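Here the structure is a predicted model, which means the values were calculated and not measured.
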Amino acid sequence: WYLDPNRRGTSNSTKAVMALFNTSPTVLYGEMTLLRTRMGELRFSQGNNEGFWMRGYGNKYEVSGNQDGGGYTQNQRGFTLGIDTPLYGGDGQWVAGVMAGHSTSDIDLNRSGGGTVDSYYVGGYATWLDDESGLYFDGVVKLNRLHNEVNVSMSDGKKAKGNYTQNAVGASVEVGRHIKLDDGYFVEPYGQLNAAITQAQSYDLDNGLHAKGDRSASVVGKAGVTVGKNIQLDSGGVLQPYLRTALAHEFNHNNKVTVNGERFNNDVFGSRIEMAGGVAMSVTQSVKLHADLEHTRGKTVDQPWGVNFGVRYDF
């Protein structure tokens, strides 16, 4: 049954499958990045060298759900590896690369059970930097394979479980301008648009409950600004602390889930305010480091914490 007659609401099983279908947007949120949080301060490399980089990240999301359920807490950890090369055609300020990575998310279904989502992804990107004007562009395309497992505690205390896989495709476009100020200070306004589509899928719990999620989409627009300072070190390196704030908005509010023939709406529509601080560092001519700490508050999605750290090596 998908209704609990004692509580006059959706059952634990229904809440759990709705929540798990809803995790793909926040799994992809955690993997999405700005240019700065993916590769650090790329201007340290001046776009003239081939480079290898890696990024590790972790975050926590709290999703409130709606009156039918679907709320959950997600703890995610993952890494990305990438390699790129400068493109010398045109103005010579283009960098193109490929990347691959993996993340694991532990899902707490708010006393209804738990689950895991393993995400594997590959992608490509192209970045353009103009040192004279400070303008930049960054475009990313990514393909995901999601492996989902759920364990549900039913109203009578018995356990039910199920699993399924999904494909997803995502893309992001970011534009901004790095404006140099006096004494090494800078300000960097930017805008970003992220879009992701997750494959429709259906599966059964071993208690007989049948769930089907329609093809779902997430479209997130973001506008923000970064302020910071370049500090020249005696060793010849550069230390760059910075602060960042942004307003993000999820535009899609029509992701349908069907449980035993009954349809529910499942989405994370709404706005969020992001606040972050970080540091980038040019250690040597070849080695660059960066780290970032983020906090987000929103209508339906909160991110109590998110951490990101990475290293780049120029050949």
Would the number of heavy atoms belonging to other residues, nucleotides or ligands and lying under 6.0 Å from [atom1] of [X] be above 12?
X: Phe137; atom1: CZ; result: yes
X: Gln285; atom1: CD; result: no
X: Tyr185; atom1: OH; result: no
X: Ile231; atom1: CD1; result: yes
X: Asp131; atom1: CG; result: no

Is a side-chain N or O of [X] found less than 3.5 angstrom from the main chain of [Y], in a donor-acceptor match?
X: Asp84; Y: Ala96; answer: no
X: Thr26; Y: Tyr29; answer: no
X: His295; Y: Pro304; answer: yes
X: Glu294; Y: Gly277; answer: no
X: Gln199; Y: Asn167; answer: yes
X: Asp206; Y: Lys161; answer: yes
X: Arg177; Y: Ser133; answer: yes
X: Gln303; Y: Tyr61; answer: no

Any side-chain heavy atom of [X] sitting closer than 4.5 Å to one from [Y]?
X: Thr85; Y: Val95; answer: no
X: Asn194; Y: Val140; answer: no
X: Asp118; Y: Leu146; answer: no
X: Asn308; Y: Arg55; answer: yes
X: Asn148; Y: Gln166; answer: yes
X: Tyr121; Y: Thr80; answer: yes
X: Ser119; Y: His102; answer: no
X: Tyr125; Y: Met39; answer: yes

If you group Ile, Leu, Val, Met, Phe, Trp and Tyr by side-chain heavy-atom gaps below 4.5 Å, do [X] and [Y] land in one group?
X: Leu243; Y: Ile179; result: yes
X: Val27; Y: Leu109; result: yes
X: Val311; Y: Phe79; result: yes

Original post:
What about the rings of His178 and Phe186, do their centers lie closer together than 6.0 Å?
Top reply: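 Ring-ring flag for His178/Phe186: true, centres closer than 6.0 Å.
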Does the pair [X]/[Y] count as a salt bridge with the N-to-O cut at 4.0 Å?
X: Asp292; Y: Arg244; result: yes
X: Glu274; Y: Arg297; result: no
X: Asp106; Y: Arg77; result: yes
X: Asp138; Y: Arg38; result: yes
X: Asp314; Y: Lys288; result: yes

Donor-acceptor pair between [X] and [Y] side chains, under 3.5 angstrom:
X: Tyr164; Y: Glu149; answer: no
X: Thr73; Y: Glu62; answer: no
X: Glu31; Y: Asn144; answer: yes

Original post:
With respect to Thr165, which candidate in Arg145, Gln201, His147 satisfies the side-chain hydrogen bond (donor to acceptor under 3.5 Å, both in side chains) definition?
Top reply: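 It is Arg145; the other options fail the test.
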**OP:** Supply the atom-to-atom distance Arg312 CZ to Phe44 CZ, rounded to the nearest 0.5 angstrom.
**Re:**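 Reported value, rounded in 0.5 Å steps: 12.5 Å.
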